[in-house]
Amino acid sequence: KRAGDAPRASVAVFNQTGAEQKLDVTLSGGVAAKTEKLTAKPGVNYVEFPLAANTGALRLELKQNGKLVDALDTAMQTLPAAWSSPRTLMVPLDATGAALKLPADARNIRVSFAQGAASHFSRIADDLIEYPYGCVEQTASRLIPLTLATQSLAPDASPLRDRLQAVLTAQRLRLVSMAGPKAVFGWWGNATAGSSLMTGYAYYADWYAARALRIELPQEHWNNMLTVYSTTGIKESLTDRALVLWMANDMGLPTKTLAAGLADDAAAVTLAGAPRRPGDSGSLLLGADDREAQAMALGLVSVVAGQNGVPLAPALQEQVAAAWTTLRSSKAPVAQALLMLAGELPPAQADAVLASVRAEMPTLDRAMTLLWVQKKLGGASFGKAPAVALDGTWQKQESRSGQPVWRWADGKGVPDQLRLAAASAAAPAGTVAVVQYDSRAAEAQALPVAIERRILRMKQGKDGYT
């Protein structure tokens, strides 16, 4: 039960004889045992017990004339009312380690180390690869880092390469299996409506994966991405259209005419959305209509136009300039990554941009941040994490991309300090510990939304249940 709940247990007692039976039903284990007298008719009968004060071991006994007929042992625990959610902390290290402040209920505590853009690439890729859900977008967002991680391995990393390629092959087959009629993808496969964005993203991720697996596919296969865009994509949002055309151009598909149409349609757009609410960590690429999301759309249009040599109308140039100004003040990593891709932010900021990516951020935004920064850095490969080790109750494990991860092994408490092992190398300057954990501790509300639960109790009357 949750803290604050007042649950009631409805117990079904079956009388398999042909006559009424006098029974005692007793629940013990709480503050005091409670016994209900029951005249059980043939068939099923119900007894109800309040459980608000009960916790720990419970025992239910059924007696007839003082003789035990049946019994059930179970346990009840009280859980916090708040939902458990993943959290991430970036903790700068000094020569010996760093102090650590975690909620008392923190669990599944893991620590990895990063120093510089290359090791942040690996961290972000691992988080996307390990993401536990699997719609079309999430599967595609897993394929891209799997591909990048596989391609960045050294020639002598055969065992790790084999493992990654096995996962990559399985995830690629999962993605392909979600295609609908005419190879169009929806959010959750062929059971949902087709989407030009999901189709384009699925093809783009498959293009990456096929190259890593050395699978040759005919050009006509990839052209279907533009066929879907021309049929239904032009009716979708400016952001969706720009993303699809950016991906198609990166794949080498002919997009100039379509990019010119996109720029014409964007000419009448003005940056007039309301400011993003403080603390809003929702996707800037998937359906938001605030000022930052509009700025992302205009910025993407500008990038696509530049890819294809399409000039922007003077009025659109003014809106794009305003969009860049809006995105410069955004804290979202994907906004900073787009600025970098467009040449509006120097590549020297890559480390700071990647360091701000958290595992709890939207998967598409994380995947595009990874891609755009990597492209701006000239296809930089993943790097090894700093060679430092932790002292204490930690177990060293290996992430999917081969990076060391330290998992807290003391189930009775949480660490209050990260201490570097004496035999470990000193942490290089700028090294941060990436601490990830799950907790039910209250978080600051990001949106003015409240969720309420309403539970109705059904009562039996002469005309049925009400």
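Side chains included, hydrogens not; waters and symmetry mates left out as well; all remaining heavy atoms used.
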Are any of the side-chain heavy atoms of [X] and [Y] separated by less than 4.5 Å?
X: Val334; Y: Met296; answer: yes
X: Tyr437; Y: Leu102; answer: yes
X: Gln307; Y: Leu245; answer: no
X: Val269; Y: Val301; answer: no
X: Trp394; Y: Val405; answer: no
X: Phe121; Y: Leu148; answer: no
X: Met340; Y: Thr369; answer: no
X: Glu344; Y: Leu338; answer: no

Quick check: does any side chain N or O of [X] sit under 3.5 Å from a backbone N or O of [Y], one acting as donor and the other as acceptor?
X: Gln319; Y: Leu271; result: yes
X: Arg276; Y: Gly282; result: yes
X: Arg400; Y: Ile129; result: no
X: Asp5; Y: Pro7; result: no
X: Glu292; Y: Leu327; result: no
X: Asp126; Y: Ser401; result: yes
X: Thr139; Y: Val136; result: no
X: Thr199; Y: Phe185; result: yes
X: Ser230; Y: Thr227; result: no
X: Asp290; Y: Ala293; result: yes

Item to check | Trace of the side-chain contact (heavy atoms from CB on, under 4.5 Å) decision for Met368 with Leu243 | outcome: CA-CA 10 Å; Met368 299 313 296; Leu243 270 175; 4.2 Å; yes

[atom2] on [Y] to [atom1] on [X], rounded to 0.5 Å:
X: Asp365; Y: Leu284; atom1: CG; atom2: CG; result: 6.0 Å
X: Leu298; Y: Leu238; atom1: CG; atom2: CG; result: 6.5 Å
X: Leu146; Y: Gln151; atom1: CG; atom2: CD; result: 11.0 Å
X: Leu339; Y: Lys376; atom1: CG; atom2: NZ; result: 11.0 Å
X: Tyr203; Y: Met251; atom1: OH; atom2: CE; result: 9.0 Å
X: Leu341; Y: Trp372; atom1: CG; atom2: CH2; result: 7.0 Å

Non-hydrogen atoms of [X] and [Y] that approach each other most closely:
X: Ala260; Y: Val310; result: CA-CG1, 3.9 Å
X: Trp324; Y: Gly299; result: CH2-CA, 3.5 Å
X: Leu226; Y: Pro254; result: CD1-O, 3.3 Å
X: Pro333; Y: Val353; result: O-CG1, 3.7 Å
X: Leu168; Y: Ala212; result: CD2-CB, 3.9 Å
X: Arg123; Y: Leu354; result: NH2-O, 2.7 Å

Checklist outcome for this item: Residue set satisfying side-chain hydrogen bond (donor to acceptor under 3.5 Å, both in side chains) with Ser85, at least two apart, ordered chain then number -> Arg87, Glu443

Checklist entry - Taking only residues two or more places apart in sequence, or in another chain, which ones meet Thr255 in a side-chain hydrogen bond (donor to acceptor under 3.5 Å, both in side chains)? => result Asn249, Asn308

[X] atom [atom1], over 12 foreign heavy atoms within 6.0 Å:
X: Arg214; atom1: CZ; answer: no
X: Asp289; atom1: CG; answer: no
X: Gln397; atom1: CD; answer: yes

Item to check | Ser196/Asp240 under side-chain contact (heavy atoms from CB on, under 4.5 Å): CA gap, chis, key distance, verdict | outcome: CA-CA 8 Å; Ser196 174; Asp240 291 3; over 6 Å; no

Item to check | Audit row: Met198, Val184, side-chain contact (heavy atoms from CB on, under 4.5 Å) steps and yes/no | outcome: CA-CA 8 Å; Met198 288 301 100; Val184 176; over 6 Å; no

Would you say the side chains of [X] and [Y] form a donor-acceptor pair under 3.5 Å?
X: Arg407; Y: Gln395; answer: no
X: Ser281; Y: Glu360; answer: no
X: Ser141; Y: Glu137; answer: yes
X: Thr363; Y: Gln138; answer: no

Next on the checklist: I'd like to know whether the aromatic ring centres of Tyr133 and Tyr131 sit less than 6.0 Å apart in this structure.
Outcome noted: yes

Salt-bridge test for [X] and [Y]: reply yes if a basic N is under 4.0 Å from a carboxylate O, no otherwise.
X: Asp127; Y: Arg358; value: no
X: Glu48; Y: Arg457; value: yes
X: Arg241; Y: Glu236; value: no

Item to check | side-chain contact (heavy atoms from CB on, under 4.5 Å) evaluation trace for Val373 with Gln336 | outcome: CA-CA 9 Å; Val373 173; Gln336 301 303 306; over 6 Å; no

Checklist entry - Please walk me through it: do Arg211 and Glu216 pass salt bridge (Lys or Arg N to Asp or Glu O under 4.0 Å)? => result CA-CA 8 Å; Arg211 291 191 304 165; Glu216 295 290 337; over 6 Å; no

Next on the checklist: Parallel, tilted or perpendicular, judged at 30° and 60°: which one describes the rings of Trp246 and Tyr204?
Outcome noted: perpendicular

